[in-house]
K.L.:
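Here you go, one structure.
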Amino acid sequence: MTKTVSWRPRAGDIPSEPGVYRFTDDRKRVLYVGKAKNLRSRLSNYFAPLSSLHERTRRMVLSATNVEWTIVGNDFEALQLEYTWIKEFDPPFNVQYKDDKSYPYLALTMGDAVPRVLVTRNRNLPNARYFGPYSRAWAIRDTVDVMLKAFPMRSCSQSVYKRAQQTGRPCLLGDIGKCAAPCVGRVTLEEHKSIAVDFASFMAGNDSRMLNSIRERMTHAAATQDYESAARYRDQIGAMETALAKNQIVLSEDVDADFFGIAHDELAAAVQQFVVRGGRIRGVRGWVVDKELDVDLGGLVESVLQNAYDDTSPPRDVLVPALPEDSTALEEWLAQRRGLGARVRLHVAKRGEKAALAQTVETNAKNALMLYKSKRSGDFVARSQALADIQEALGMSEAPLRMECFDVSHLSGTNVVASMVVFEDGLPKKQHYRRFNIAETTDDTDSIYQVLKRRLAYLAAGATVPDAAAAASDADGAEQGESHELPAATTKFAYPPQLLLVDGGQPQVSAAQRALEESGVSGIQLAGIAKRLEEIWLPNSDFPVILPRNSDALFLIQRLRDEAHRFAITHQRQRRSKDVSSVLATVPGLGPSRIKALLQHFGSVARLRAASAVEIIEVPGIGASTAEAIIEKLGQPDLR
């Protein structure tokens, strides 16, 4: 492989000042936009030997034919220019957003002579105050319906308002008390404007002040025997409390902040944004990001915030899962978005109620990423296209309708196990999964060889097929039982795959190929997937097959590999638990229930081994002598 690209600029020609750079292809299309405190230092990373670059970075550099840069005064100006260029050029190798829907907002048209409240997805209404965004339109409509009882302002369209003015009769909302009916002069325009201001103040988080004020009016009205007004204030308080009940109090009342949670893997990231105003969750927004280049969590945070505040103003506090490298410049950019003289603080919540909410936001992001993957894998058209793309990329004669993936797991060279997972038509076939115990092995490649040799024995020409009991025995890692002459279709283990995958690179693929050649089985495509760069290795190949980062083909292969890894890890943990349980069962006074209590209390075998006698005694039913016996049996000294 070439050491670096031929069009690399001379290092002396690249300035060492801060700036923004653009990689372009032969058609002058912008492929990637980035910023740097030192352009020479940053760009030198892209022109390192190609073999040392991350695969996605290497693809970008090889696709480009030129790099241009613009010098700016400081980090903040670099951030601004980078943001502008990303919006203008939409580079394919920058983070791509898949937010294919707009979110509803509650808007108050305060610039109108007669302000109106409405639920809208339009963020360009002149002189309007926005609250949200909200994840569900029906939820905010329900809230508005309740709030109109407390703040009876106009919510009708302009045509309805004009018709009421002409006829001298208000609409239904005016008759039922959900509008003060300025159209027919029941209140003056100034009084109606005051109602709208109170509505906006309440939504902005001043709910306690508003409630106290209305309670005082109700008390005064009752004291002066103005019972109609007192009843109206009472109903208003009830409506406000009902609206507040829809938004759980999560923080103290003076907290105005946005919380961001990000869950990501090698291909995608799910983002959740919780909007907290006045200590209450006022809105929730979520979207998915496609990762093209290898972006760490800090880099994701920077890109996510630029997208989130593209058309809205940030609050004074923004809580994120990790701080980007140039957080100071990002804070300055956010402050500029907020307004003249404003400040924005970017930080990570580490303790207290904010940390608890941040954890909730992160949990929502993880769930969103899981749902995104589930929906993507459940799409029949996407699965069919993925199988066709895999067939083409690997040069197979037919689509891999049955794929098997093998993974090896061990604990510092001990308790070596392996897993086999099966996907048919792009979906897991869990009843065909198998697990293997490996008695003696030298390394991962030897483990792969042993497992595939055992698996391929069932597919070898003329091999006998064991019955169900024998197959189950081998699946658990025991010695194979007596073989019986049965048709191959009688056992799930005898179905041949079109594609056999191993978790690993060229060494693992070579070991698998050796097992395949020795078995005499033909017609099976062999490949390995290396996790670090998500690249596909074929036997006797000097270079890997690179699937597009956002392709359904790579997504399917990655999901197959991850499932094999999960299945192997689960089996190894179960084995370790059984091993320790069998050892503990020899301790006098320890029965199954106490052994279970011990493992549940410490959470892992490692913690139990490291525990002192005093810590073990804390488990209900365990005495001092039993604790000493446990420590002696597990081979650990008393750590008191």
Side-chain angles (χ1 to χ4, degrees), residues 267 370-408 418-436 448 451-452 454-460 463 465-468 470-472 474-476 486-504 508-509 512 515-516 519 521-529 534 536 538 545 547 551-571:
L267 300 178
M370 180 188 68
L371 289 177
Y372 167 70
K373 288 186 171 184
S374 298
K375 289 180 180 178
R376 190 172 178 181
S377 61
D379 187 336
F380 174 76
V381 175
R383 294 202 315 271
S384 301
Q385 185 62 49
L387 294 174
D389 290 345
I390 292 173
Q391 175 189 354
E392 180 181 357
L394 303 187
M396 301 175 62
S397 59
E398 58 181 345
L401 299 182
R402 179 182 172 97
M403 298 185 291
E404 297 178 1
C405 185
F406 294 80
D407 185 31
V408 173
S419 66
M420 177 187 111
V421 300
V422 180
F423 275 33
E424 288 190 356
D425 296 327
L427 292 175
K429 197 78 170 178
K430 293 193 175 183
Q431 61 267 40
H432 289 199
Y433 286 14
R434 292 292 184 270
R435 299 180 293 194
F436 305 86
I448 287 289
V451 171
L452 287 184
R454 290 162 63 181
R455 193 272 173 274
L456 294 169
Y458 290 91
L459 304 178
V465 178
D467 60 17
D474 185 63
D476 288 336
L486 295 176
T490 60
T491 174
K492 301 162 186 175
F493 202 47
Y495 297 160
Q498 285 83 39
L499 175 61
L500 195 154
L501 279 168
V502 294
D503 183 15
Q508 286 77 12
V509 173
L516 187 62
S519 70
V521 177
S522 59
I524 297 178
Q525 177 65 55
L526 181 64
I529 175 169
E534 302 296 319
I536 312 300
L538 298 177
V545 174
L547 295 173
S551 68
D552 290 313
L554 182 57
F555 177 80
L556 178 57
I557 289 179
Q558 183 196 42
R559 185 162 174 255
L560 179 61
R561 186 269 318 282
D562 292 346
E563 179 70 353
H565 183 68
R566 179 199 65 79
F567 197 53
I569 289 290
T570 301
H571 180 44

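All residue numbers in this chain count up from 1 along the given sequence.
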K.L.:
Grab the two heavy atoms, one from Ile390 and one from Ala553, that are nearest each other, plus how far apart they are.
P.N.:
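Reported closest heavy-atom pair: CG1-CB, 3.8 Å.
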K.L.:
Of Val451, Ile529, Leu452, which is the lone residue that meets side-chain contact (heavy atoms from CB on, under 4.5 Å) with Val502?
P.N.:
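Exactly one candidate clears the test, Leu452.
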K.L.:
Measuring from Leu526:CG to Gln508:CD, what's the distance to the nearest 0.5 Å?
P.N.:
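Going from CG on Leu526 over to CD on Gln508, the span is 11.5 Å.
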K.L.:
Can you see which heavy atom on Leu499 is nearest to which on Pro400, and at what distance?
P.N.:
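Minimum heavy-atom separation between Leu499 and Pro400: CB-CB, 3.8 Å.
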K.L.:
Which value, rounded to the nearest 0.5 Å, describes the distance between Met396 atom CE and Ile524 atom CD1?
P.N.:
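Here the rounded value is 10.0 Å.
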K.L.:
Closest heavy-atom contact between Leu387 and Ala399?
P.N.:
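The pair with the smallest heavy-atom distance is O-CB, 4.3 Å.
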K.L.:
Please work out which of the three classes, parallel, tilted or perpendicular, describes the rings of Tyr433 and Phe567, given edges at 30° and 60°.
P.N.:
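Perpendicular.
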K.L.:
Would a 4.5 Å heavy-atom cut-off, applied to side chains only, mark Arg561 and Leu501 as touching?
P.N.:
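Sidechains of Leu501 and Arg561: no contact.
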K.L.:
Where do Lys429 and Asp425 land on the side-chain contact (heavy atoms from CB on, under 4.5 Å) test, with the steps shown first?
P.N.:
CA-CA 9 Å; Lys429 197 78 170 178; Asp425 296 327; over 6 Å; no
K.L.:
Mind checking the CG-CD1 spacing from Leu547 to Ile536? Nearest 0.5 Å is all I need.
P.N.:
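Between atom CG of Leu547 and atom CD1 of Ile536 there are 5.5 Å.
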K.L.:
Determine whether Leu556 and Met403 make a side-chain contact, defined as any pair of heavy atoms from C-beta on separated by less than 4.5 Å.
P.N.:
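Yes - at least one pair of side-chain heavy atoms lies under 4.5 Å apart.
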K.L.:
Check for a donor-acceptor pair, side chain of Arg402 on one end and backbone N or O of Val422 on the other, with a separation under 3.5 Å.
P.N.:
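Judged by distance alone, no pair lies under 3.5 Å.
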K.L.:
Measuring from atom CD of Glu563 to atom CD of Gln558, what distance do you get when rounded to the nearest 0.5 angstrom?
P.N.:
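Glu563 CD to Gln558 CD: 12.5 Å, rounded to 0.5 Å.
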K.L.:
Once you round to the nearest 0.5 Å, how far does CZ of Phe406 lie from CG of Asp503?
P.N.:
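Result: 12.5 Å between the selected atoms.
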K.L.:
Can you give me the closest heavy-atom contact between Leu456 and Leu516, atom names plus distance?
P.N.:
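Closest approach of Leu456 to Leu516, heavy atoms only: CD1-CA, 3.5 Å.
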K.L.:
Do Pro428 and Arg559 have side chains that get closer than 4.5 Å, going by heavy atoms?
P.N.:
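Result yes, sub-4.5 Å side-chain heavy-atom pair found.
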K.L.:
At their closest point, which heavy atom of Leu560 faces which heavy atom of Cys405, and how far apart are they?
P.N.:
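Looking at all heavy atoms of both residues, the shortest contact is CG-CB, 3.5 Å.
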K.L.:
Between Leu538 and Gln525, what is the shortest heavy-atom contact and its length?
P.N.:
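Smallest interatomic distance, heavy atoms only, reads CD2-NE2, 3.7 Å.
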K.L.:
Compare all side-chain heavy atoms of Ile569 with those of His565 and state whether any distance is below 4.5 angstrom.
P.N.:
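Touching, per the 4.5 Å side-chain cut-off.
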K.L.:
Answer whether the closest heavy-atom distance between the side chains of Arg434 and Arg455 falls below 4.5 Å.
P.N.:
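Not touching, per the 4.5 Å side-chain cut-off.
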K.L.:
If you measure from CG on Leu459 to CG on Leu500, what distance do you get to the nearest 0.5 Å?
P.N.:
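The CG atom of Leu500 is 9.0 Å from CG of Leu459, to the nearest 0.5 Å.
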